[in-house]
Number of protein chains: 2
Amino acid sequence: MSGVNIKQLAEALKLAPSTVSRALNDSYEISEKTKKRVLAMAEKMSYRPNPFARSLREHRSKTIAMIIPALVNNFFSQVIEGVEEIVQEYGYHLLVYNTHESCQKEREIVSHLLNGRVDGIMMSLSHQTSYYEHIQKIYDQGIPLIFFDRVCRHIPTTKFITNDYESGFKATEHLIEQGCKRIAFLLLSNEISIGKQRLRGYKDSLGFHGLEVEEKLILKCGSTDSENADAIRQLLNAPDRPQGILSSVEKLAISTYYISRDLCLGIPEDIKLASFSNLKIADLLNPGLTTIAQPALEIGQEAAKLLMTKLTKKNTPDFADQTITIPSVLEVRGSSGGISS
Amino acid sequence: MSGVNIKQLAEALKLAPSTVSRALNDSYEISEKTKKRVLAMAEKMSYRPNPFARSLREHRSKTIAMIIPALVNNFFSQVIEGVEEIVQEYGYHLLVYNTHESCQKEREIVSHLLNGRVDGIMMSLSHQTSYYEHIQKIYDQGIPLIFFDRVCRHIPTTKFITNDYESGFKATEHLIEQGCKRIAFLLLSNEISIGKQRLRGYKDSLGFHGLEVEEKLILKCGSTDSENADAIRQLLNAPDRPQGILSSVEKLAISTYYISRDLCLGIPEDIKLASFSNLKIADLLNPGLTTIAQPALEIGQEAAKLLMTKLTKKNTPDFADQTITIPSVLEVRGSSGGISS
DNA sequence: TTGTAGGCGTTATCAG
DNA sequence: CTGATAACGCCTACAA
């Protein structure tokens with residue numbers, strides 16, 4: 001449409017396209033004088049190199065993709081913020097895809113990215129994902145791949161998570177210290193690695209403090225919000241209601257607030273609550289929500305830095321099959337009875 | 001690296017590349033038999049067309065960009081969600097850029113998109129943006145451009161907003177009805193179109209109800225969070241503290257919660273508060289926050305639908321110079337004294 | 001119905 | 001230091 005191409009630019013300068021190209025790319029074999037002339041004219045004619053021609057030639061797109069299970073989510077939006085920031089510094093572009101927690105969508109999205117469109121992928125699995133052929137394909141094609149939060153253990157690459165086990169342990173311990181003997185655990189899905197770790201921490205903590213693990217207190221949520229709400233309602237309505245709840249994701253904790261309000265149950269008097277959550281205004285809730293806050297921004301930044309280094313520095317080794325842990329922080333607030341709020 | 005190209009595919013089939021290309025694109029001039037054969041082989045060899053070669057040929061990228069001032073933000077993340085959903089339906093890709101409210105960054109980002117990388121742009125201006133040459137360039141290049149929320153009046157294209165004036169008017173009226181005689185208005189920046197409209201609604205509402213507009217009650221925030229907090233603190237600490245506050249953005253309302261807690265001022269007893277906000281859990285705050293909630297998801301969806309239609313249907317007219325208004329909803333909660341919470 | 005050839009805009013290789 | 005040429009992978013006239 002509007003654009004000037006390198007040929008026209010060369011024509012205007014009475015130079016060959018190749019010379020112009022070299023001048024624009026600051027090649028050492030071009031005289032300073034010519035470079036200046038070319039740059040000036042490029043500016044004047046507002047020349048913009050065509051990214052697709054370049055990508056075609058160079059087999060790289062300067063673009064990466066993020067595949068995440070949800071966008072309207074305090075954790076993921078903070079991760080995106082961190083990633084975008086780093087990516088922008090490096091002059092790369094960021095494609096964002098939302099799987100809506102659907103494995104099917106995840107597969108479709110991945111299949112659109114196996115053609116060289118992106119130079120790298122950062123992803124967090126849908127909680128419905130339980131087989132990994134599509135992920136394996138990314139890896140097999142040699143596309144640099146990094147996981148964060150909801151990682152896939154079967155792929156030998158670098159993963160960024162928080163200390164889920166330890167946090168689950170500590171949060172449970174905290175509830176026990178507040179006097180809870182029976183504590184429920186709200187799990188989004190048992191497929192997800194992090195859910196498992198958090199659950200393991202919870203179980204071990206109970207055991208460590210001589211408390212029994214009751215399977216019926218482990219609520220496997222996941223399908224629809226209303227089904228989850230029903231399950232929580234049933235839990236809170238039961239005659240043998242637990243004294244505490246540890247939620248592995250924010251949205252289930254939020255549901256718990258609504259439901260306990262409905263049922264006229266007081267937090268923390270009747271039920272003490274703690275949750276993994278990145279809600280910034282946790283302390284403005286009534287009562288303030290005791291959270292295990294993940295360092296979402298930092299996870300995004302660190303993961304993106306690693307990817308950008310791999311893509312921009314020569315001879316970078318492939319990602320090690322390792323898990324990098326950035327610790328979460330337990331912030332005690334009113335909901336667990338720790339402090340008044 | 002890994003990919004099979006159309007030439008190799010043709011070779012394997014003992015056909016010419018052009019024939020294969022046509023078969024893959026379901027051209028009418030290819031026999032059913034050949035088509036099937038080609039499709040089968042393409043599947044078998046897991047052929048993926050190179051998107052850059054295609055973009056280079058066809059002068060379109062099947063990619064659009066969203067440029068927004070913030071990512072960790074309930075409004076914008078909901079808009080992204082809506083946009084992503086529609087874009088994915090159409091098989092398009094979504095690039096996301098964060099200006100961090102900086103006009104300088106906004107300019108840089110735009111300059112990277114003037115080379116055909118994207119087929120269309122949806123944007124919401126940074127609040128620091130007060131001149132529009134870079135935006136004008138997008139328009140002049142003929143790149144389809146849609147604004148939402150923080151629109152640019154000077155560009156004759158379609159803009160999606162909510163009824164900011166009316167909402168400002170109604171929210172102010174609501175505070176007046178709750179007994180407020182003097183109401184402050186928290187403005188993020190006087191450059192932004194929507195801020196202006198909301199402010200105008202506030203002023204007119206005061207006038208309509210026979211109340212005076214006091215310039216010193218109009219707080220122009222914007223630079224840093226801590227400066228904003230100081231300004232609000234000063235407002236609340238003053239001997240002639242207003243009885244009500246209308247905040248034009250969520251984050252200033254959140255600050256107000258913290259500051260009034262610090263100052264031991266009760267909401268709504270000492271200060272009544274209402275805010276433009278897309279916080280989903282506004283009713284879990286203490287007290288619940290009276291909000292003017294924007295239909296963020298819908299704005300994203302509608303804007304994206306319009307853009308997708310323009311890009312995929314032949315002979316679509318250019319975007320009309322119009323403003324499409326999707327109404328916000330005033331939700332009265334405890335913070336304005338409307339109902340207990 | 002299928003094959004041939006050229007070009008989209010760049011950059012790298014090879015000459016000069 | 002600069003110029004000509006080929007190639008990246010695809011699509012589409014045009015030819016057969």
Side-chain angles (χ1 to χ4, degrees), chain A residues 1-39 41-42 45-63 91 112-119 141 314, chain B residues 1-39 41-42 45-63 112-119 141:
Chain A
M1 289 288 157
S2 53
V4 180
N5 64 24
I6 203 170
K7 223 171 135 187
Q8 299 169 301
L9 183 56
E11 210 163 335
L13 287 158
K14 308 211 169 172
L15 286 171
S18 53
T19 307
V20 175
S21 172
R22 277 180 287 230
L24 291 171
N25 293 314
D26 202 27
S27 159
Y28 66 95
E29 45 181 2
I30 298 292
S31 72
E32 279 308 316
K33 211 175 103 189
T34 309
K35 275 186 194 169
K36 280 201 176 155
R37 222 162 58 85
V38 170
L39 253 35
M41 183 62 89
M45 298 178 73
S46 63
Y47 164 76
R48 322 251 170 207
N50 180 309
F52 305 117
R54 195 173 266 176
S55 292
L56 183 58
R57 257 310 298 228
E58 303 192 338
H59 297 284
R60 59 197 213 110
S61 58
K62 288 201 130 199
T63 302
H112 289 312
L113 298 179
L114 295 174
N115 51 17
R117 184 180 291 276
V118 295
D119 298 341
Q141 291 228 358
K314 303 255 174 197
Chain B
M1 291 285 156
S2 53
V4 180
N5 64 25
I6 203 170
K7 219 170 140 189
Q8 299 169 300
L9 183 56
E11 209 163 335
L13 286 158
K14 308 212 171 174
L15 284 172
S18 54
T19 308
V20 175
S21 170
R22 276 180 284 232
L24 290 170
N25 293 316
D26 203 28
S27 160
Y28 66 97
E29 44 182 3
I30 298 291
S31 72
E32 279 308 316
K33 213 175 100 187
T34 310
K35 274 185 195 171
K36 280 198 176 158
R37 224 163 56 84
V38 171
L39 253 36
M41 183 61 88
M45 300 178 71
S46 65
Y47 165 75
R48 322 250 172 210
N50 180 309
F52 305 117
R54 197 172 262 177
S55 291
L56 183 56
R57 250 316 296 235
E58 303 192 338
H59 296 286
R60 61 197 213 108
S61 58
K62 288 201 130 201
T63 303
H112 289 311
L113 297 177
L114 294 175
N115 51 15
R117 184 179 291 276
V118 295
D119 298 340
Q141 290 229 357

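Chain naming here is simple, since letters A, B, ... match the order of the sequence lines and numbering starts at 1 in each.
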Asks: Can you check the B/Lys62 NZ to D/dC10 C1' distance for me, whole Å?
Replies: 15 Å
Asks: Are there more than 12 heavy atoms of other residues, nucleotides or ligands under 6.0 Å from atom CD of A/Gln8?
Replies: yes
Asks: Please confirm whether the backbone N or O of B/Asn50 pairs with a side-chain atom of A/Asn115, one donor and one acceptor, at under 3.5 Å?
Replies: no
Asks: Could you give the NZ-to-P distance, from A/Lys14 to D/dC1, as a whole number of Å?
Replies: 23 Å
Asks: Are the side chain of B/Asn25 and the backbone of B/Ser27 linked by a donor-acceptor contact shorter than 3.5 Å?
Replies: no
Asks: For A/Ser18, check side-chain contact (heavy atoms from CB on, under 4.5 Å) against everything at least two apart and list the hits.
Replies: A/Ala16, A/Arg22
Asks: Could you state the atom-to-atom distance from CG of B/Leu15 to C1' of C/dG3 in whole Å?
Replies: 10 Å
Asks: Report yes if at least one side-chain N or O of B/Thr19 is closer than 4.0 Å to OP1 or OP2 of C/dT1; otherwise report no.
Replies: no
Asks: To the nearest Å, give me how far apart NZ (A/Lys33) and C1' (D/dT2) are.
Replies: 13 Å
Asks: For A/Val38, run the side-chain contact (heavy atoms from CB on, under 4.5 Å) check against A/Leu13, A/Ile30, A/Thr19 and tell me which one passes.
Replies: A/Leu13
Asks: Mind calculating the distance between CD (B/Gln8) and P (D/dG9) to the nearest angstrom?
Replies: 8 Å
Asks: Is A/Ser55 reaching over with its side chain to a backbone N or O of A/Pro51, donor-acceptor style, under 3.5 angstrom?
Replies: yes
Asks: For A/Ser55, answer base if it contacts any base atom (sugar-phosphate contacts may also be present), sugar-phosphate if it contacts only those atoms, and nothing otherwise; contact means non-hydrogen atoms under 4.0 Å.
Replies: nothing
Asks: To the nearest 10 degrees, what angle separates the axes at the start and end of the helix from C/dT1-D/dA16 to C/dG16-D/dC1, five pairs each?
Replies: 50°
Asks: Sugar-phosphate means primed atoms, P, OP1 and OP2; the rest is base. With that split, encode nucleotides 9-16 of chain C 5' to 3' as B, S or - using protein heavy atoms under 4.0 Å.
Replies: BBBBBB--
Asks: Roughly how far, to the nearest 0.5 Å, is the CZ atom of B/Arg57 from the CZ atom of A/Phe52?
Replies: 15.0 Å
Asks: Hey, does the side chain of A/Ser61 reach the backbone of A/Arg117 with a donor-acceptor pair shorter than 3.5 angstrom?
Replies: yes
Asks: Tell me, yes or no, whether the heavy-atom count around A/Glu11 atom CD, taken from other residues, nucleotides or ligands under 6.0 Å, exceeds 12.
Replies: no
Asks: Please state how far atom CG in A/Leu13 lies from atom P in D/dG3, giving the value in whole angstrom units.
Replies: 10 Å
